[in-house]
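All heavy atoms count here, side chains included; hydrogens, waters and symmetry mates do not. Owing to the predicted nature of the structure, the values given are computational and were not obtained by experimental measurement.
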Amino acid sequence: MTNNWMDDPAVAHIDSAKLDFLQSLVFESQSLTKEQMLPFLMSVAKKGMDSHITFSSEEVETITSTIRKYSTPEELDKIDKLEKLMKQRKK
């Protein structure tokens, strides 16, 4: 995935600090295994809280759909797995 998703008009209204935060996390997570993903997500949540970065449900949906447009099939698979993990975590 390229940084092009950050220039998509769909995310233009989202604070650039939030988008930069997400982009750095995307690159950090690229080499993680399934087993490493949950601890990584917990760390990400803490970083976000420490930096006072929060996302509304609308922002998450917009960002996810925008990232999907620029993702490879392999990246889409990771996104799907990540979403599944997040849904399991909410239960």
Side-chain angles (χ1 to χ4, degrees):
M1 176 175 31
T2 65
N3 290 346
N4 293 346
W5 72 270
M6 293 176 62
D7 297 324
D8 192 289
V11 296
H13 68 284
I14 299 174
D15 183 1
S16 62
K18 291 181 179 184
L19 298 178
D20 290 339
F21 176 76
L22 284 177
Q23 185 64 28
S24 68
L25 297 177
V26 167
F27 285 116
E28 288 177 36
S29 69
Q30 285 181 338
S31 62
L32 297 179
T33 65
K34 182 179 177 181
E35 293 77 23
Q36 295 170 317
M37 194 58 76
L38 189 56
F40 173 75
L41 292 175
M42 299 298 285
S43 172
V44 166
K46 181 168 178 10
K47 285 180 189 177
M49 288 173 47
D50 291 347
S51 301
H52 305 288
I53 294 177
T54 59
F55 296 89
S56 69
S57 296
E58 180 183 299
E59 287 175 324
V60 171
E61 187 175 314
T62 300
I63 290 166
T64 303
S65 65
T66 302
I67 288 175
R68 283 180 174 282
K69 291 192 289 187
Y70 296 89
S71 297
T72 65
E74 293 82 14
E75 291 166 336
L76 289 171
D77 186 50
K78 281 189 174 185
I79 291 169
D80 292 339
K81 289 176 183 176
L82 179 60
E83 287 179 334
K84 184 178 178 182
L85 280 172
M86 294 304 289
K87 287 178 184 175
Q88 290 175 348
R89 174 95 166 80
K90 289 182 179 180
K91 289 182 181 180

> Considering all heavy atoms of both residues, which atom of Leu19 and which atom of Trp5 are nearest to each other, and what is their separation?
Replying inline: CD2-CZ3, 3.7 Å
>> Does this structure show an ion pair linking Lys81 with Asp77, if we count only N-O contacts that are shorter than 4.0 Å?
In response: yes
>> If you count heavy atoms of other groups shown closer than 6.0 angstrom to CD of Glu83, is the number above 12?
In response: yes
>> Apply side chain to side chain contact (heavy atoms under 4.5 Å, CB included) to residues Glu59 and Thr54 and explain how you reach the verdict.
In response: CA-CA 9 Å; Glu59 287 175 324; Thr54 59; over 6 Å; no
> Are Ile14 and Ile53 co-members of a hydrophobic cluster defined by side-chain heavy atoms under 4.5 Å apart?
Replying inline: yes
> For the atom pair CD (Glu75) and OG (Ser29), what is the distance rounded to the nearest 0.5 Å?
Replying inline: 9.5 Å
> CG of Leu76 to NZ of Lys69: how many Å apart, nearest 0.5 Å?
Replying inline: 13.0 Å
> Got a second to check how far Ile79's CD1 is from Ile67's CD1, nearest 0.5 Å?
Replying inline: 6.0 Å
>> The test is side chain to side chain contact (heavy atoms under 4.5 Å, CB included); show your working for Lys47 and Ser43 and say whether it passes.
In response: CA-CA 6 Å; Lys47 285 180 189 177; Ser43 172; 3.9 Å; yes
> Okay, side chain of Thr64, backbone of Val60: is any donor-acceptor separation there less than 3.5 Å?
Replying inline: yes
>> Would you compute the distance between atom CZ of Phe40 and atom OG1 of Thr33 and round it to the nearest 0.5 angstrom?
In response: 12.0 Å
>> For a quick test of reading the model, state the closest non-hydrogen atom pair linking Phe21 to Val44 and the distance between them.
In response: CZ-O, 3.9 Å
> What's the spacing between Ser71 OG and Lys78 NZ if we round to 0.5 Å?
Replying inline: 11.0 Å
>> Within this structure, what is the CD-OG1 distance for the pair Glu58 and Thr62, rounded to the nearest 0.5 Å?
In response: 5.0 Å
